[in-house]
Amino acid sequence: MGVSSAHGGLHPYWPRDLLIPNYVANDRSMSEILAFLFSVSGVFLLVTWLITGATGRLGTWRRLAICWFAVCGFIHGVIEGWFSLYYDILPADQSFLSQLWKEYSKGDSRYVIADNFTVCMETVTACLWGPFSFWAVYSFLTNKPYRFILQLIISLGQLYGAVLYFFTEHRDGYAHSELGHLIYFWFYFVFMNFLWIVIPLILIVDAWRQLSAAQIHTDGIKSHKSKKK
């Protein structure tokens with residue numbers, strides 16, 4: 001069920017009196033859009049899993065972490081990158097990725113009205129965490145010494161963005177979604193974003209431990225050398 005937009009059309013977004021100039025309804029179904037998102041993400045995950053397995057030196061946990069960064073690179077760089085470029089024409093645009101964002105906006109209408117916070121947050125995410133995620137994949141595959149520093153930086157950035165994302169909407173009283181709706185609120189808004197709290201937290205702890213162990217080892221070498229002098 002829709003409500004009137006600024007030009008007399010109908011839209012499915014919350015709050016119900018939201019004005020969305022030039023809004024054009026999607027002609028792609030929810031199943032088409034979700035199938036695209038999850039199938040492409042699945043391809044990135046599968047290919048990365050196979051590549052990490054070919055190295056012969058990475059454990060299951062580390063391979064899964066690298067797969068996560070590969071999927072993040074796609075989502076941040078392509079999906080969120082699209083929003084950061086075309087947020088101003090999104091309501092009227094019928095490009096596939098614009099329709100993806102109009103579908104997601106049923107769970108958070110801040111995207112379809114180009115809310116200042118979402119535009120700024122998604123632009124930073126696309127420009128930084130997208131390329132950095134692919135860089136992290138490369139750094140782990142080639143065993144670069146800075147790989148856990150990248151993991152820590154990316155994960156802190158993701159966590160910070162996700163916390164602000166939820167907290168700003170909480171302060172708005174969850175006005176931009178149908179509160180309690182199984183798909184739009186719990187799946188789109190809560191679940192799909194909560195992943196960027198849980199997984200980055202795990203990776204932050206992992207990077208902390210790895211970097212701490214490296215520092216302990218370095219301190220031990222320095223201490224040993226100083227005793228020899």
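Values below: all heavy atoms of this structure, side chains included; hydrogens, waters and symmetry mates excluded.
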Review point. Does one hydrophobic cluster hold both I197 and M192, with members joined at side-chain heavy-atom distances below 4.5 Å?
Key: yes
**Study point:** From CA spacing to verdict: ring-ring contact (aromatic ring centres under 6.0 Å, His included), Y111, Y87
**Key:** CA-CA 7 Å; Y111 285 86; Y87 63 86; over 10 Å; no
Check your understanding: Taking atom CG of L159 and atom CD1 of I204, what is their separation to the nearest 0.5 Å?
Key -> 4.5 Å
Review point. Is it true that atom OH of Y138 has more than 12 heavy atoms of other residues, nucleotides or ligands lying nearer than 6.0 Å?
Key: no
Exercise for review: Kindly assign one of parallel, tilted or perpendicular to the pair F134 and F44, based on the angle between their ring planes and the thresholds 30° and 60°.
Suggested key: tilted
Check your understanding: Given side chains that start at C-beta, do those of N22 and P91 come closer than 4.5 Å, heavy atoms only?
Key -> no
Practice item. Check whether I66 and L46 end up in the same hydrophobic cluster, where Ile, Leu, Val, Met, Phe, Trp and Tyr are linked by side-chain heavy atoms less than 4.5 Å apart. Key: no
**Study point:** pair F69-I154: side-chain heavy atoms closer than 4.5 Å
**Key:** yes
Point to revise | Gap separating the CG atom of D115 from the CG atom of D108, nearest 0.5 angstrom | key: 8.0 Å
Check your understanding: Taking atom CD of Q210 and atom CD1 of I149, what is their separation to the nearest 0.5 Å?
Key -> 12.0 Å
Review point. Does V205 reach the side chain of I202, with side-chain heavy atoms less than 4.5 Å apart?
Key: no
Check your understanding: Distance under 6.0 Å and angle within 45° of the ring axis: does R110 meet both against Y165?
Key -> yes
Review point. Is the centre of the H170 ring less than 6.0 Å from the centre of the Y174 ring?
Key: yes
Review point. With distance as the sole test, does S29 use its side chain to make a donor-acceptor pair with the main-chain N or O of E32 at under 3.5 Å?
Key: yes
Check your understanding: More than 12 non-hydrogen atoms from neighbouring residues, nucleotides or ligands closer than 6.0 Å to CZ on R57, yes or no?
Key -> yes
Review point. Would you say I20 and Y104 are hydrophobically clustered, going by side-chain heavy atoms of ILVMFWY under 4.5 Å?
Key: no
Practice item. Can you establish whether the number of heavy atoms outside F191 located under 6.0 Å from its atom CZ is more than 12? Key: no
Review point. Counting distance only, does the side-chain N/O of S177 pair as donor-acceptor with the main-chain N or O of G107 below 3.5 Å?
Key: yes
Exercise for review: Count the heavy atoms of every other residue, nucleotide or ligand shown that sit under 6.0 Å from CH2 of W186, and state whether that count exceeds 12.
Suggested key: no
**Study point:** OH/Y160: more than 12 non-hydrogen atoms of other groups inside 6.0 Å
**Key:** no
Point to revise | Student check: side-chain heavy atoms of E169 and D172 closer than 4.5 Å | key: yes
Check your understanding: How long is the span from the NZ atom in K106 to the CH2 atom in W101, to the nearest 0.5 Å?
Key -> 15.0 Å
Check your understanding: Do L203 and F148 have side-chain heavy atoms sitting under 4.5 Å apart?
Key -> no
Point to revise | Note, Q94 side chain near N26 side chain (heavy atom, < 4.5 Å) | key: yes
Study note, to complete from the structure: One should read off an interatomic distance between Q158 CD and L128 CG, to the nearest 0.5 angstrom, of 11.5 Å
Review point. Are the aromatic ring centres of Y184 and F189 under 6.0 angstrom apart?
Key: no
**Study point:** Aromatic contact, W135 with F140 (centres under 6.0 Å)
**Key:** no
Exercise for review: Could you grab the distance from atom CD of E122 to atom CD1 of I79, nearest 0.5 Å is fine?
Suggested key: 11.0 Å
Point to revise | Whether over 12 other heavy atoms sit under 6.0 Å from N143 CG | key: yes
Check your understanding: Is any side-chain heavy atom of H181 less than 4.5 Å from a side-chain heavy atom of I183?
Key -> yes
Check your understanding: Is the ring centre of W196 less than 6.0 Å from the ring centre of W68?
Key -> yes
Exercise for review: Might you confirm whether atom CZ of F194 has over 12 heavy atoms from other residues, nucleotides or ligands at distances under 6.0 Å?
Suggested key: no
Review point. Is it true that a side-chain atom of S139 and a backbone atom of A136 form a donor plus acceptor pair closer than 3.5 Å?
Key: yes
Check your understanding: With a 3.5 Å cut-off and no angle check, do the side chains of Q99 and D27 form a donor-acceptor pair?
Key -> yes
Check your understanding: Going by heavy atoms in the side chains, are W14 and H176 under 4.5 Å from each other?
Key -> no
